[in-house]
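A short worksheet on the structure shown next.
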Amino acid sequence: MAKHTVTLIPGDGIGPEVTDSAVRVIEAAGVDISWDRQLGGVAAIEKYGESVPDSLLESIKKNKVAHKGPLTTMVGKGFRSANVALRQKLDLYVNLRPVKSIGGVPTRFDKVDLVIVRENTEDLYTGIESTISPGVVNATKVVTEKASLRIARWAFEYARKNGRKKITLVHKANIMKITDGLFLRSFEEVAKDYPDIKAEDRIVDALCMRLVMDPTQFDMLLLGNLFGDIVSDLAAGLVGGLGMVPGANIGDGYAVFEAVHGTAPDIAGKGLANPTAVLFSSLLMLRHLGEDEAADRIWKAVVLTLAIGKHRTHDLGGTLSTQQYTDELIKEIKSRSN
Ligand code: NAI
């Protein structure tokens with residue numbers, strides 16, 4: 001029997017290409033995982049008629065851990081986001097997105113080292129939208145004290161365990177005084193229990209300006225669901241783009257590891273995708289599984305490969321396909337275990 005069983009959702013678009021790369025690299029690092037492959041998103045709709053079938057939810061509930069490729073959500077029409085449904089159904093209330101500069105990757109800034117924590121279950125993502133009258137529509141933003149307190153506490157605990165010094169709460173409470181006001185007050189309440197961690201807040205628009213001028217002034221950012229989504233893509237742009245930033249959806253019972261990026265339909269099936277983001281989310285997963293030694297080895301192999309600069313995918317100015325880049329990483333990992 002394998003040491004770990006993990007649900008694997010290859011996903012849509014570039015998902016199968018990048019998750020295949022992650023599986024190969026994890027295997028090369030010698031981690032004993034049995035992959036329980038499950039369909040989600042468009043692939044699941046074609047087979048089961050729904051984007052998050054019961055078989056997928058049952059698999060994650062049984063295995064507790066999933067590794068996932070991106071899932072398609074249609075813009076302005078079609079079915080509800082499978083990603084949002086998964087996060088809400090499994091109560092994966094934390095979306096953790098570490099954003100770190102990697103030496104040798106061309107970017108505007110070096111030394112970016114941010115941890116973004118996004119509340120993952122409510123805000124405008126509750127999907128409560130309606131037509132009031134023809135041409136007049138509305139969306140409901142839901143913020144609860146319970147979810148705001150628990151995400152704030154999770155962020156402060158993470159800061160303590162990981163040697164982080166400061167958390168910046170990001171909001172628009174000058175305009176959304178009740179909803180973002182509650183999010184901010186809950187953060188301030190929890191901050192009182194953590195005098196060792198600096199707590200500050202910024203209005204989201206000013207935060208964006210400061211981030212693109214000097215991201216090194218921030219340490220951890222805590223945001224609601226919508227601002228968290230937007231600001232983490234902005235932050236990805238500071239360290240080389242969406243091919244570089246991992247994510248983890250974490251709840252008290254289950255965890256789903258995935259990249260920040262989507263299905264990238266413009267490059268899907270062409271071997272152009274950078275699998276580094278998904279691979280970095282594999283590292284978060286391996287640490288969650290207690291496989292720190294393998295995670296360290298993979299991390300060093302990726303960092304060294306990118307630093308040398310000969311072996312890169314197209315988004316980073318290189319010429320290698322997803323598979324060729326993966327082959328180079330595997331060579332590097334194997335040379336480290338000899
Ligand atoms: P996207 O992240 O798929 O792509 C944005 C741009 O970044 C594209 O030019 C793409 O080629 C590039 N890109 C993304 N990942 C890359 C990688 N690994 N290597 C190289 N280039 C990469 O965002 P978009 O186009 O807004 O969304 C496409 C679909 O993905 C939509 O259906 C959306 O709902 C879905 N999506 C799913 C997510 C998830 O499953 N967690 C997250 C974000 C979007």
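All ligand and atom numbering here is 1-based and tracks the order in the structure.
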Record the part of Lys68 in heavy-atom contact with ligand 1 below 4.0 Å; permitted values are side chain, backbone, both and neither.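 Under 4.0 Å from ligand 1, Lys68 contributes side-chain atoms alone.
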
Per-residue contact class, Pro265 against ligand 1 - non-hydrogen pairs under 4.0 Å: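 Near ligand 1, Pro265 shows its side chain, while the N, CA, C and O stay back.
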
How would you list all residue pairs meeting side-chain hydrogen bond (donor to acceptor under 3.5 Å, both in side chains) that involve residues 127-149, not counting sequence neighbours?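 Output for this query lists Glu122-Thr144, Asp123-Lys141, Ser130-Asn138, Lys141-Asp180.
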
Any pair counted as side-chain hydrogen bond (donor to acceptor under 3.5 Å, both in side chains), so long as it reaches residues 100-116, sequence neighbours left out: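 Listed by first then second residue: Asp113-Arg164.
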
Between the side chains of [Y] and [X], is the shortest nitrogen-to-carboxylate-oxygen separation below 4.0 Å, so that they form an ion pair?
X: Arg150; Y: Asp91; value: yes
X: Lys3; Y: Glu291; value: yes
X: Glu328; Y: Lys331; value: yes
X: Arg297; Y: Glu293; value: yes

Tell me if the aromatic rings of Phe187 and His171 count as close, with their centers under 6.0 Å from one another.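 Here the rings of His171 and Phe187 have centres that are no less than 6.0 Å from each other.
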
Selection from [options] by shortest heavy-atom distance to [atom]:
atom: atom 21 (N) of ligand 1; options: Ile267, Asp229, Asn83; result: Ile267
atom: atom 41 (N) of ligand 1; options: His314, Lys270, Glu258; result: Glu258
atom: atom 8 (C) of ligand 1; options: Thr313, Asp266, Thr73; result: Asp266
atom: atom 29 (C) of ligand 1; options: Val260, Thr263, Ile9; result: Thr263

I'd like to check which ligand 1 atoms, numbered from 1 as shown, lie under 4.0 Å from a non-hydrogen atom of Leu242.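 Taking each heavy atom of Leu242 in turn, ligand 1 has 2 (O), 5 (C), 7 (O), 14 (C) under 4.0 Å.
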
Please report which non-hydrogen protein atom sits nearest to [atom], along with the residue it belongs to and the distance in Å to one decimal place.
atom: atom 13 (N) of ligand 1; value: Ala264 CB, 4.1 Å
atom: atom 19 (N) of ligand 1; value: Asn274 N, 2.9 Å
atom: atom 14 (C) of ligand 1; value: His261 CB, 3.7 Å

Relative to the ring of Phe156, is the ring of Tyr194 parallel (under 30°), tilted (30 to 60°) or perpendicular (over 60°)?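 It falls in the parallel class, under 30°.
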
Can you find an N or O of [X] that's nearer than 3.5 Å to an N or O of ligand 1?
X: Gly262; value: yes
X: Thr72; value: no
X: Leu71; value: yes

Any non-hydrogen protein atom below 4.0 Å of atom 27 (O) of ligand 1?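 No, because not a single protein heavy atom sits under 4.0 Å from atom 27 (O) of ligand 1.
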
Please state whether Val18 comes within less than 4.0 angstrom of ligand 1, counting heavy atoms only.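 Judged by the 4.0 Å heavy-atom criterion, Val18 does not count as contacting ligand 1.
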
